[in-house]
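Because only heavy atoms are used, hydrogens play no part in the values below, and waters and symmetry mates are left out as well, while side chains stay in.
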Amino acid sequence: MKAWGITDIGLKRHENQDTYAFEVFGAPDTAVAVVCDGMGGVNGGQLASSLAVSTFMEELHARAHREMTAEQVCEMESACVQRANAVIFERSQQDDDYHGMGTTLVAAVVSPDAAVICNVGDSRCYHIGSEGIRRVTRDHSVVESLIESGNITPEEARTHPNRNLITRALGPDRDIECDCFTLPFAQGDRLLLCSDGLIVTMEDDEMLETVRSTSDGEQALSRLVELAKRRGAPDNVTIVLILNDGEVERQNG
C-alpha cells in the first residue's frame with residue numbers, strides 16, 4: 001500500500017477544524033485511514049475532530065487482530081465510532097464552551113483484496129478503479145435526503161442554502177449509528193477519503209482526472225487542493241489517498 005494525506009485551512013475559515021490520520025494496520029500489507037471534519041464554535045470543532053481521530057485509532061489498535069473477516073472489521077469500526085462518540089459527548093458535558101460540538105467521520109480499513117469503510121456525516125469515501133470513480137458512502141445531510149426524495153437534483157444540492165446541514169454527527173448525542181460498506185480492492189485501485197471542503201469545489205470526474213494524471217500521490221493531492229483554492233475554498237480541505245500497490249507507505253503533507 002501507498003498513502004498520502006493533506007489538509008489545508010482553505011480561504012474563508014479562521015481555523016482548520018479537520019483532522020486526519022493514516023498508518024500501517026496489522027499485517028504489513030494492510031492500512032487504516034480516518035478523516036474528520038469538526039463543527040461547534042471556536043475551538044469546539046477542532047477539539048471534536050482531533051478527539052474522534054485519536055480515539056478511533058486507539059480503539060482500533062486495541063481491538064484489531066489478524067485474519068479478521070470483513071464483517072468483523074465492520075463491527076470493529078462501528079465499536080471505534082461508538083467509543084469516539086462517547087469521548088466527545090462526555091467532554092462536551094464537562095465544559096459549556098464545548099456543548100454541542102461534533103464532527104463527521106469517514107474511515108477505511110484496507111487490505112490487498114478488500115476495503116471496509118464506515119462513515120457518519122458528510123465526509124466521503126470514493127473508490128477509483130478501472131471503471132472510473134464511484135462514491136462509496138452516503139451523506140447524512142439535509143440535501144442528500146432531498147436528493148433521494150426527488151425534491152432537488154445533485155446539481156442543485158451544490159448551491160442549496162442548507163447544503164452544510166448534516167443529520168448525523170459524532171458528539172451531539174449520547175448514541176450514534178454509522179454506515180458500513182465493504183468492496184473489493186484490487187491492485188491498482190485507489191480510495192479517496194475527504195472532507196466536504198473538497199466536494200463543494202469540484203465534480204467527481206475532475207477528482208478522477210486529477211488523481212489519474214500523475215503517479216505521484218502527493219502531487220495529485222496538492223493539485224486537488226490548488227484547484228479547490230482557485231474556486232474559493234470556502235471550507236477546510238482534507239484528503240487521504242490510498243493506492244493498492246502491495247506495500248504500505250505513509251507520507252503526510
Side-chain angles (χ1 to χ4, degrees), residues 2-22 33-53 56 101-108 117 119-128 133-137 139-141 143-144 154 157-160 163-166 169-170 190-214 216-243 250-253:
K2 286 186 178 179
W4 302 264
I6 192 169
T7 188
D8 192 281
I9 194 171
L11 299 178
K12 303 293 185 181
R13 302 294 189 184
H14 298 293
E15 179 184 41
N16 191 341
Q17 296 192 339
D18 289 359
T19 306
Y20 78 95
F22 169 83
V34 57
V35 170
C36 291
D37 178 359
M39 61 183 194
V42 178
N43 298 323
Q46 200 284 325
L47 176 61
S49 68
S50 62
L51 283 174
V53 168
F56 183 94
M101 69 176 176
T103 182
T104 69
L105 179 145
V106 60
I117 297 101
N119 79 295
V120 177
D122 62 357
S123 292
R124 293 181 179 178
C125 176
Y126 290 86
H127 174 258
I128 298 174
I133 188 169
R134 177 177 70 89
R135 175 158 53 120
V136 178
T137 52
D139 293 349
H140 304 128
S141 67
V143 293
E144 187 84 346
R158 299 177 69 85
T159 57
H160 195 278
R163 63 187 179 278
N164 294 324
L165 297 181
I166 58 176
L170 276 71
R190 297 172 176 87
L191 284 185
L192 188 151
L193 284 66
C194 64
S195 61
D196 70 333
L198 178 69
I199 299 159
V200 298
T201 59
M202 66 188 69
E203 302 287 346
D204 294 1
D205 287 344
E206 293 177 296
M207 290 189 278
L208 174 64
E209 181 181 354
T210 303
V211 169
R212 282 185 169 175
S213 66
T214 174
D216 185 332
E218 184 176 2
Q219 187 177 46
L221 296 193
S222 295
R223 287 179 179 175
L224 286 171
V225 169
E226 180 184 359
L227 183 55
K229 293 174 96 169
R230 284 181 188 173
R231 296 177 179 177
D235 203 350
N236 311 144
V237 180
T238 300
I239 318 164
V240 172
L241 180 67
I242 303 172
L243 167 65
R250 176 179 178 164
Q251 298 181 27
N252 290 319

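- Within the 4.5 Å cutoff, side-chain heavy atoms of Ile242 are placed close to those of Phe22.
- In this structure, Ile133 and Asp205 have side chains that are in contact, with non-hydrogen atoms separated by less than 4.5 Å.
- Leu198 is listed as a side-chain neighbour of Leu192, based on a closest heavy-atom distance under 4.5 Å.
- For the atom pair Met39 CE and Ile166 CD1, the distance stands at 4.5 Å (nearest 0.5 Å).
- A 6.0 Å sphere centred on CD of Glu209 holds no more than 12 heavy atoms belonging to other residues, nucleotides or ligands.
- Not one N or O on the side chain of Thr104 forms a donor-acceptor pair closer than 3.5 Å with the backbone of Cys36.
- For the atom pair CD1 (Ile199) and OH (Tyr126), the distance works out to 4.5 Å, reported to the nearest 0.5 Å.
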Side chains of residues 221-228: which donor-acceptor pairs under 3.5 Å do they make with residues two or more places apart or in other chains?
{"unit_1": "Ser222", "atom_1": "OG", "unit_2": "Glu218", "atom_2": "O", "d": "3.1"}
{"unit_1": "Arg223", "atom_1": "NH1", "unit_2": "Ser213", "atom_2": "OG", "d": "3.0"}
{"unit_1": "Glu226", "atom_1": "OE2", "unit_2": "Arg230", "atom_2": "NH2", "d": "2.8"}

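- Annotation: side chain of Asp18 is not in contact with side chain of Val35 (no heavy-atom distance under 4.5 Å).
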Pair Arg212-Ile128, side chain to side chain contact (heavy atoms under 4.5 Å, CB included): steps then yes or no: CA-CA 9 Å; Arg212 282 185 169 175; Ile128 298 174; 4.3 Å; yes
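- The heavy-atom pair separating Lys229 from Leu11 by the smallest distance is O-CD1, 3.2 Å.
- For the residue pair Thr7/Asn16, the side-chain donor-acceptor check at 3.5 Å is satisfied.
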Chi angles and distances behind the side chain to side chain contact (heavy atoms under 4.5 Å, CB included) call for Leu191, Cys125: CA-CA 7 Å; Leu191 284 185; Cys125 176; 3.8 Å; yes
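- Side-chain contact between Thr19 and Gln46 is present, with heavy atoms from C-beta onward closer than 4.5 Å.
- Without hydrogens or angle criteria, Ser49 side chain to Gln17 main chain gives a donor-acceptor distance under 3.5 Å.
- Here the side chains of Ile117 and Thr137 are in contact, with some heavy-atom distance below 4.5 Å.
- Trp4 places a side-chain heavy atom less than 4.5 Å from the side chain of Leu243.
- Using a 4.5 Å heavy-atom threshold, the side chains of Arg124 and Leu193 count as separate.
- Under the 3.5 Å distance criterion, the side-chain polar atoms of Asn119 are left unmatched by any main-chain donor or acceptor of Leu105.
- A distance of 10.5 Å separates CZ in Arg190 from NE2 in His127, rounded to the nearest 0.5 Å.
- In this structure, Ser195 contributes its side chain and Thr238 its backbone to a donor-acceptor pair below 3.5 Å.
- Between atom CG of residue Leu208 and atom CD of residue Glu203 there is a gap of 12.5 Å, rounded to the nearest 0.5 Å.
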Evaluation steps, side chain to side chain contact (heavy atoms under 4.5 Å, CB included), between Asp122 and His140: CA-CA 6 Å; Asp122 62 357; His140 304 128; over 6 Å; no
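- Remark: side-chain polar atoms of Tyr20 are paired, donor with acceptor, to backbone N or O of Gly5 under 3.5 angstrom.
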Arg13/Asp235 under salt bridge (charged side-chain N to carboxylate O under 4.0 Å, His left out): CA gap, chis, key distance, verdict: CA-CA 6 Å; Arg13 302 294 189 184; Asp235 203 350; 3.2 Å; yes
